[in-house]
S.K.: 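Just dropping this structure here.
Small disclaimer: the values here were computed from a predicted structure and weren't measured. Hydrogens, waters and symmetry mates play no part in the numbers below; they use all other heavy atoms, side chains included. To find a chain, count down the sequence lines: A is the first, B the second, and so on, and within it residues start at 1.
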2 protein chains.
Amino acid sequence: MSTINDVSRLAGVSKATVSRVLSGSRGVKEASRLAVLKAVDELNYRPNVIAQSLLSQSTGCIGVICAQDNINQTTAYLYALEKHLSQSQKHLLLRFANTKAGVMSALEELTCGLCDDVLIIGARFPLNINDENVILVDCAESDTPNSIQFDHAFAAETACNFLISQGRRQIALIHPDARGSTDQVLLGYKHALENNFLPFNRNLVFMDDTSSSVALQVLLNNATTLNFNALLVADEQEAQRVIPQLQAFNKSVPGDIMVFSLAGSLHLPGVPKIPAIEYSMDAMAARIVAWLNEKTQSVLGSCVVRGDLIIPEMIKR
Amino acid sequence: MSTINDVSRLAGVSKATVSRVLSGSRGVKEASRLAVLKAVDELNYRPNVIAQSLLSQSTGCIGVICAQDNINQTTAYLYALEKHLSQSQKHLLLRFANTKAGVMSALEELTCGLCDDVLIIGARFPLNINDENVILVDCAESDTPNSIQFDHAFAAETACNFLISQGRRQIALIHPDARGSTDQVLLGYKHALENNFLPFNRNLVFMDDTSSSVALQVLLNNATTLNFNALLVADEQEAQRVIPQLQAFNKSVPGDIMVFSLAGSLHLPGVPKIPAIEYSMDAMAARIVAWLNEKTQSVLGSCVVRGDLIIPEMIKR
DNA sequence: CTGTTAGCGCATTCAT
DNA sequence: ATGAATGCGCTAACAG
């Protein structure tokens, strides 16, 4: 790879002039400008970004640590993020980590000058990070100054109101505690019931660490007394686990029981579509990148994102 | 962020000594070693990797340009690659690109000193790249010196032999030309038929650009005369598109027609499992990273990877 | 054993 | 308008 010295020598000018031409040529004689351009073309020269980074103290690299267990959701994130980052001339440095130790070690490796900022996505474990340049996205903890959260209470409330509007007044809820947003979900759930003058039935709600499969079995064992006709689950992965199980017990979906996902639904042919709250990855990414760009001016604050209610055609009426 | 100067000042030694201590302390007095370590700890100092990169002329960054349209396959790739790369102290710089122009522009941006090497994955369009530091993985073109290809002929042959062993002798094949490996697939298909003394029926094979949906309709319209009982498709995405369509025509899968995917199958609950050829992403990634690490010694050559035959439990007998 | 010096490639002064 | 010099943070070579 040729350097700025090669170009300056070939063009018969100084390094400074070459640099001037390449970065907003202003106050450079046309003749030497052309000479530089010619030399650049001949040598196929491109400035070394590492040297530029050392000087400017910024690399344009954004670390993204994916801590989600739901791998499908991850892809949507990455795709949207990369699109917006590259539009801002930034680079996406990818890392996966399932544990707190893993996240911290990845963070260490990325923040030694390599990355200007780091995004941590979907961590379900608390991690006490207090770094101006680290942004938590959809993470369990909210103490960190820079974080983007989903409004899970709002999602649960919307879900219930929708189900009730569909004549489903016995709504079961399976939402393992591990997801970290359990409290909020319960809040929204209860709120919707209250607003619709419906009683809260403790037996319809499963929020402890028992597997969703076990929870569902309990529900089905008591189906005759509980008589539930709707089921709220945490995400589309849970939904696809739960639906075959319901069908195995001769419960039709959505006929007998309407399953609702509180976070996204799969858009795959062959997979049954269900109503869900979906968070626009594109909007999220746009927001994040906007923050990254304007960081110098406005201080980053916490931010809460609300999802969209998506209803499959076959359910609409 | 503190620099080596801060550390040397605080420890009362020179920069060189600090550097020596941090990178394999050899020939350093214990006293000054401890002083340095203490200063490092106090200042929470970590060497700036960008400065190191400028000196060593290598960043440890590997660019990965994903050109695949099958987004699900991508995640598996990325996950495996990141795992192996981070084990080798390397960083994964992610890019998506759907067009040749997109790939080339991403390549430009990554090869200005930022990335030591670049992987291009799953490009279905020819791109004439002849760069020592660019590796093509599962790309349409094979002229490039550094490339990893899947053995599609082998996959097709294995698939046919399996299906024939299952008593399926009328094997339809839908494999759009856009995938770039069509020739090889046809080769393996024909080879298997020959070896089993079965005739080649041109009407069972669809390899032009017509959509797989149309191809399937043609097949179904002629089902009575063709009487096919197996269907080979390019990948699991195609499979999931095709299966509901077959069922809509009252063809049971795999009862009436066994669908076989030539590249991976979805392992999602609720999605019907089908027999498939699967390529181990982990093995691939291990191989790629091994290349990356030993590049100085052995010249990279082309390499062909064969997939594994995966048969769902319910089909095994 | 350790300090001084030089230089990686570049952009930005400050002179001219 | 342009060239020489400086320094970003670090390591390697050379002296002591």
S.K.: Between B:Gly12 and B:Leu55, which is nearer to the 5' end of DNA chain C once each is assigned its nearest nucleotide?
M.R.: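 Of the two residues, B:Gly12 wins.
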S.K.: Does the side chain of B:Lys15 get closer than 4.0 angstrom to OP1 or OP2 of C:dG3 through an N or O atom?
M.R.: no
S.K.: Please report the distance, rounded to the nearest Å, between CZ in A:Arg20 and P in C:dT12.
M.R.: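 From A:Arg20 CZ to C:dT12 P: 10 Å.
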S.K.: Say you draw a straight line from SG of A:Cys61 to CG of B:Leu114; how long is it, rounded to the nearest 0.5 Å?
M.R.: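 The CG atom of B:Leu114 is 5.0 Å from SG of A:Cys61, to the nearest 0.5 Å.
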S.K.: Rounded off to whole Å, could you give me the CG-to-C1' distance for the A:Leu43 and C:dG9 pair?
M.R.: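 Value for this atom pair: 15 Å.
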S.K.: Hydrogens and angles aside, do B:Ser2 and B:Arg46 bring a side-chain donor and acceptor to less than 3.5 Å of each other?
M.R.: no
S.K.: Between A:Asp282 and A:His84, do the side chains contain an N or O donor and an N or O acceptor separated by less than 3.5 Å?
M.R.: yes
S.K.: Kindly point out which of C:dT2, C:dG9, C:dA11 is positioned nearest to the side chain of A:Leu54?
M.R.: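 My answer, after comparing the listed nucleotides, is C:dG9.
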S.K.: Specify the separation, in whole Å, of atom CD of A:Gln57 and atom C1' of C:dT12.
M.R.: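 A:Gln57 atom CD is separated from C:dT12 atom C1' by 14 Å.
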S.K.: Can you tell me if the side-chain N/O atoms of B:Gln52 get under 4.0 Å from OP1 or OP2 in D:dT11?
M.R.: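 So the side chain of B:Gln52 is within the cut-off, an N or O lying under 4.0 Å from OP1 or OP2 of D:dT11.
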S.K.: When all nucleic acid strands are considered with a 4.0 Å heavy-atom cut-off, which category describes B:Ser32: base, sugar-phosphate, or nothing?
M.R.: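 Here B:Ser32 touches the backbone only, sparing every base.
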S.K.: Taking CD1 from A:Ile4 and P from D:dG3, how many angstroms apart are they, rounded to a whole number?
M.R.: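 In whole Å, D:dG3 P and A:Ile4 CD1 are 12 Å from each other.
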S.K.: Would you please confirm or rule out a distance under 4.0 Å between OP1 or OP2 of D:dC8 and any side-chain N or O of B:Thr3?
M.R.: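 For B:Thr3, the contact criterion (side-chain N or O under 4.0 Å from OP1 or OP2 of D:dC8) is not met.
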S.K.: Short question: side chain of A:Ser280, backbone of A:Ala283 - any donor-acceptor pair under 3.5 Å?
M.R.: yes
S.K.: Counting side-chain heavy atoms from C-beta on, which of D:dG3, C:dC10, C:dA11 comes nearest to A:Tyr45?
M.R.: C:dC10
S.K.: Could you state the atom-to-atom distance from CE of A:Met1 to C1' of C:dC10 in whole Å?
M.R.: 14 Å
S.K.: May I ask you to evaluate whether A:Ser53 reaches the phosphate of D:dC8, defined as a side-chain N or O under 4.0 Å from OP1 or OP2?
M.R.: no
S.K.: Nearest nucleotide by nearest heavy atom, which residue falls closer to the 5' end of DNA chain C, B:Ala16 or A:Asn5?
M.R.: B:Ala16
S.K.: So what does A:Ser19 hit on the nucleic acid, given a heavy-atom distance under 4.0 Å: a base, only sugar-phosphate, or nothing?
M.R.: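 If one applies the 4.0 Å heavy-atom cut-off, A:Ser19 turns out to touch a base.
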S.K.: Could you measure the distance from the CE atom of B:Met1 to the CG atom of A:Asn133? Nearest 0.5 Å is fine.
M.R.: 10.5 Å
S.K.: Identify which nucleotide among C:dG9, C:dG3, D:dG9 has an atom closest to any side-chain atom of A:Ala51, counting heavy atoms from C-beta outward.
M.R.: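 Nearest nucleotide to the side chain: C:dG9.
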S.K.: Starting at CD1 of B:Ile50 and ending at P of C:dA11, how long is that distance when rounded to a whole Å?
M.R.: 15 Å
